[in-house]
Amino acid sequence: MKPIEVTFFQQPTLELARHLLGKYIVHEHPRGVLIGKIVETEAYMGPDDRAAHSFGNRRTKRTEVMFGEPGLIYTYQMHTHTLINVVSAPTDIPNAILIRAVEPVEGLDLMKEFRNDLPMKQWTSGPGKLTKAMGISMEHYGSHWTDKPLYMAEGEHVASVSTGPRIGIQNSGEAVHYPYRFWETDNPFISKTR
DNA sequence: GAGAGGATCAACT
DNA sequence: GTTGATCCTCTCG
């Protein structure tokens with residue numbers, strides 16, 4: 001499995017969010033290779049998006065990586081979970097795309113173990129779940145999606161894409177209704193709806 | 001150095 | 001529908 005071309009990340013954020021669907025996330029974990037196909041994403045449009053951490057060009061130690069080049073990995077902690085993003089847009093424009101769900105492709109035994117023997121549909125059907133199933137944590141903050149051991153690879157063609165409002169954001173004014181969520185239509189591994 | 005809060009999940013009633 | 005878990009970062013002093 002080879003990392004994807006770095007030029008893939010050099011497209012407008014909303015297009016990138018849509019084109020991420022079907023790509024593979026590959027993690028060459030010490031205990032085995034883990035692969036998941038991306039089936040759900042959410043775009044966060046930086047300066048103009050009340051729901052984004054980088055709203056109003058807010059620049060802190062946490063959001064710093066979003067001001068870097070597209071294709072960097074932005075991880076952060078949410079309660080007991082780690083969430084993972086793809087940095088988008090040219091340097092100094094802090095956009096990011098949250099990976100909300102993947103479909104298990106390889107390394108199923110290890111994912112099952114990481115997810116405490118839960119039913120397969122619950123392994124990766126949410127942003128906090130998939131990071132646990134694939135062994136992703138804060139140590140991946142700031143590395144690039146084209147670098148091992150955690151990288152993105154060409155995947156499968158996605159026949160049908162659905163669009164809708166994002167999940168889990170509140171008090172974000174109009175931003176709550178923006179149709180910045182993309183998922184593969186009818187895929188069983190997408191996360192919950194509102 | 002203390003306190004608050006969040007792009008979540010799972011286990012309740 | 002509600003709530004506890006319990007982690008990192010940000011803000012204020």
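Naming: A, B, ... by sequence-line order, numbering from 1 per chain.
Just one residue in the list A:Leu20, A:Val87, A:Leu72, A:Ile25 forms a side-chain contact (heavy atoms from CB on, under 4.5 Å) with A:Trp145, and that residue is A:Ile25.
How far CD of A:Glu40 is from CG of A:Leu98: 8.5 Å, rounded to the nearest 0.5 Å. Interatomic distance, A:Lys129 NZ to A:Leu83 CG, rounded to the nearest 0.5 Å: 12.0 Å. Note that CH2 of A:Trp183 is 7.5 Å distant from OG1 of A:Thr185, once rounded to the nearest 0.5 Å. Expressed to the nearest 0.5 Å, how far OG of A:Ser162 lies from CG of A:Asp186 amounts to 7.0 Å.
Rounded to a whole Å, the OH atom of A:Tyr141 is 16 Å from the C1' atom of C:dC7. For A:Asn85 and C:dC8, the CG to C1' distance is 15 Å, given to the nearest whole Å. The distance from atom CD1 of A:Ile167 to atom C1' of B:dA7 is 10 Å, rounded to the nearest whole Å. The NE2-P distance, from A:His79 to B:dC9, rounds to 11 Å in whole Å. Rounded to a whole Å, the CD atom of A:Glu42 is 8 Å from the P atom of B:dT8. Summarising the geometry, the separation between CG on A:Leu83 and P on C:dT9 is reported as 14 Å, rounded to the nearest angstrom. As rounded to whole Å, 16 Å separates atom P of B:dT8 from atom CD1 of A:Ile136. If you measure from atom CD of A:Gln170 to atom P of B:dT8, you get 8 Å, rounded to the nearest angstrom.
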- Task: For A:His29 and A:Phe114, run ring pair (Phe, Tyr, Trp, His ring centres under 6.0 Å): C-alpha distance rounded to whole Å, both residues' side-chain angles, the deciding distance at 0.1 Å, then the answer.
- Result: CA-CA 12 Å; A:His29 192 275; A:Phe114 287 161; 5.4 Å; yes

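Within residues 43-73 of chain A, the residues having any heavy atom closer than 4.0 Å to DNA chain B are, in order of number, A:Tyr44, A:Ala51, A:His53. Of the residues in residues 125-134 of chain A, A:Gly126, A:Pro127, A:Gly128, A:Lys129 come within less than 4.0 Å of DNA chain B through at least one heavy atom, sorted by number.
Under 3.5 Å, the side chains of A:His144 and A:Tyr151 contain no donor-acceptor pair of N or O atoms. Looking at A:Glu139 and A:Ser137, their side chains do bring a donor and an acceptor atom within 3.5 Å of each other.
Checked against a 6.0 Å centroid threshold, the rings of A:His19 and A:Phe8 do not count as neighbours.
Annotation for A:Tyr141 and A:Lys61: closest pair OH-O, 3.1 Å, computed over non-hydrogen atoms.
Pairing analysis of DNA chain B (Watson-Crick: purine N1 to pyrimidine N3 plus N6-O4 or O6-N4; G-U wobble: N1-O2 and O6-N3; both under 3.5 Å) yields stems of 3 or more pairs at B:1-6 with C:7-12, B:8-12 with C:1-5.
Candidate nucleotides B:dA7, C:dA5, B:dC9 were compared by shortest atom distance to the side chain of A:His81, and B:dC9 ranks first.
In this structure, A:Arg115 reaches the B:dA10 phosphate: one of its side-chain N or O atoms is under 4.0 Å from OP1 or OP2.
One hydrophobic cluster holds both A:Leu16 and A:Val158 under the rule that ILVMFWY side chains link at heavy-atom gaps under 4.5 Å.
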